[in-house]
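Working notes, beginning with the structure itself.
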2 protein chains.
Amino acid sequence: MPDPRNKRRAAGEPVSLGMLPGLVGYQVRLAQMAIFTDFDRALGALELSPGLFGLLVIVEANPGLKQSRLAGAARLDRSSLVPALNKLEARGLVTRRDAPGDRRAYGLHLTAAGVALLARAKRAVRRHEARLAAGLGEGKRDLLIALLSGIFRDRR
Amino acid sequence: MPDPRNKRRAAGEPVSLGMLPGLVGYQVRLAQMAIFTDFDRALGALELSPGLFGLLVIVEANPGLKQSRLAGAARLDRSSLVPALNKLEARGLVTRRDAPGDRRAYGLHLTAAGVALLARAKRAVRRHEARLAAGLGEGKRDLLIALLSGIFRDRR
DNA sequence: TATTGTTATACTCTATAACTATA
DNA sequence: TATAGTTATAGAGTATAACAATA
């Protein structure tokens, strides 16, 4: 069993964070950490990270998509996509099928198991997002999304 | 020189992102990536990541701070703080001085060089944040910060 | 007994550069 | 020549568990 001395926390007077809490970048980072933690709580049992979930969603929405195009949509280098896709394929959620008319490429598809798992994951994500929205207050969710998508443009 | 074949991009019809753009978590992640990229552009010459910058800010605001307390404030495990602090100390920006009255602990301080570099970094961060705010529109910066800090509480 | 800092170690995620097979 | 996928490799960044020194 682990040594219980590793989990202790030092308390005491508060530590000043200086200018950090006033920075958008800092608050976005904290929000991301908190969201990631709750996402994990919501989907941990399905063994899906936000990244893998996103890949499944995109493949479902674009049957037969080629890897390069998926990498672009997910903002990954195509080499970074390979291990993620290997994982999903090894779990029987995604298949690399031959792309018609191009023997270099694969067309990606969800398997039946992939469709089923994704359906469960989507429901969990919606619950997670609802919790998140509840903390924000009525109607502020769309506002937050609008503000975020206005940061440094070029995003969707 | 690198093989120029690695930088090419596939274009074509747009790839659908399904439900992703409507998720707060997705938009936060994109915003974070965009912010990180611009932060790097703004502070890259100073060789400071958002994480290292944050550590310097906190140490400056709390002279003599102990490592455990800094780790807590930066939301890092104390073991994760060690390599970051080693880096800052090796660059002559931070010193581990003896903590008065506790021979186990160090008190952290910025060096003169650390103070000077941080001053430059703060100006760069303010410019970076101003660019960010400009994209949002007048007055929306505070609103965004308020919304973000309302996500899953417990943050400051 | 508990805390402070450190180490050894490992894991996730991502990228760069180069390779292969096709086009 | 250019593109699709893969590999080898490396680098951040972080955590867990254990340890010595000290409280």
Side-chain angles (χ1 to χ4, degrees), chain A residues 1-12 29 32-33 36-37 39-40 44 47-55 64-90 94-108, chain B residues 1-12 29 32-33 36-37 39-40 44 47-55 64-72 74-89 94-108:
Chain A
M1 68 200 82
D3 188 326
R5 282 175 294 182
N6 283 310
K7 287 295 184 184
R8 302 295 159 66
R9 273 200 178 198
R29 189 151 68 102
Q32 229 240 22
M33 288 175 51
F36 200 100
T37 298
F39 187 101
D40 202 56
E47 304 272 13
L48 284 182
S49 63
L52 293 182
F53 172 74
L55 293 180
L65 192 65
K66 289 192 299 174
Q67 288 187 200
S68 297
R69 310 257 292 133
L70 174 57
R75 298 177 142 76
L76 291 174
D77 189 88
R78 64 199 205 283
S79 70
S80 304
L81 182 61
V82 173
L85 230 34
N86 288 347
K87 215 176 298 184
L88 294 174
E89 196 177 35
V94 166
T95 49
R96 286 164 160 119
R97 302 220 296 252
D98 289 350
D102 189 341
R103 291 190 320 188
R104 296 170 303 181
Y106 294 124
L108 299 171
Chain B
M1 68 200 83
D3 188 328
R5 282 175 294 181
N6 283 311
K7 289 297 184 182
R8 302 296 158 68
R9 273 199 178 199
R29 190 150 67 101
Q32 229 239 26
M33 288 174 51
F36 200 100
T37 298
F39 187 101
D40 202 56
E47 303 273 15
L48 285 182
S49 63
L52 292 182
F53 172 74
L55 294 179
L65 191 65
K66 289 192 300 176
Q67 287 187 201
S68 297
R69 310 259 291 134
L70 174 57
R75 298 177 142 75
L76 292 175
D77 189 87
R78 63 199 205 282
S79 70
S80 304
L81 181 60
V82 173
L85 230 35
N86 287 347
K87 215 176 295 185
L88 294 175
E89 196 177 35
V94 166
T95 49
R96 288 162 159 122
R97 301 221 295 253
D98 290 349
D102 189 341
R103 290 191 318 187
R104 295 170 305 183
Y106 294 123
L108 299 171

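Below, read A as the first sequence line, B as the second, and so on, with proteins coming before strands; counting in each chain starts at 1.
- The residue from B/Leu85, B/Thr95, B/Leu55, B/Leu88 that alone fulfils the side-chain contact (heavy atoms from CB on, under 4.5 Å) condition with B/Leu108 is B/Leu85.
- In this structure, the nucleotide among D/dT14, C/dT7, C/dT4 sitting nearest to the side chain of B/Ser79 is C/dT7.
- Separating the OH atom of B/Tyr106 from the P atom of D/dA23 is a distance of 13 Å, rounded to the nearest angstrom.
- Considering only side-chain N and O atoms, B/Arg29 lies nowhere under 4.0 angstrom from the phosphate OP1 or OP2 of C/dC13.
- In terms of heavy atoms, A/Lys66 sits closest to A/Ala105 at CD-CB, 3.4 Å.
- Distances shorter than 4.0 Å separate some side-chain N or O of A/Ser80 from OP1 or OP2 on C/dA15.
- Put simply, NZ on B/Lys87 is 12 Å from P on D/dG11, counting in whole angstrom units.
- Remark: A/Arg96 is in phosphate contact with D/dT6, judged by side-chain N or O atoms under 4.0 Å from OP1 or OP2.
- In the interface, the side chain of A/Arg103 is not paired with the base of C/dT22 through any donor and acceptor atom under 3.5 Å apart.
- Among the nucleotides C/dG5, C/dA15, D/dT16, the one closest to any side-chain atom of A/Asp77 is C/dA15.
- Partners of A/Glu47 under the salt bridge (charged side-chain N to carboxylate O under 4.0 Å, His left out) rule, at least two apart in sequence or in another chain, do not exist in this structure.
- Taking atom CG on A/Leu81 and atom P on D/dA4, their separation rounds to 13 Å, with Å as the unit.
- Shown here for B/Ser49 and B/Phe39, the closest heavy-atom pair between the two residues is C-CE2, 3.6 Å.
- With rounding to whole Å, A/Phe36 atom CZ is found 16 Å from D/dG13 atom P.
- The residue among A/Gly101 and A/Leu76 whose nearest nucleotide of DNA chain C is located toward the 5' end is A/Leu76.
- Between the CZ atom of B/Arg104 and the P atom of C/dT7 there is a distance of 18 Å, rounded to whole Å.
- Counting atom types as modelled, A/Ser49 pairs no side-chain N or O with a base atom of C/dT12 as donor and acceptor under 3.5 Å.
- Along DNA chain D, the nucleotide nearest to A/Asp102 and the one nearest to A/Pro83 differ in position, and the one closer to the 5' end is contacted by A/Asp102.
- A donor-acceptor contact under 3.5 Å links the side chain of B/Arg78 to the base of C/dG5.
- Distance, B/Asp98 CG to D/dA21 C1': 14 Å, rounded to whole Å.
- For A/Ser68 against D/dT3, a side-chain-to-base donor-acceptor contact under 3.5 Å is absent.
- Between A/Arg69 atom CZ and D/dG5 atom C1' there is a gap of 16 Å when expressed in whole angstrom units.
- Dashed line: the shortest gap from a side-chain N or O of B/Gln67 to OP1 or OP2 of C/dT6 is under 4.0 Å.
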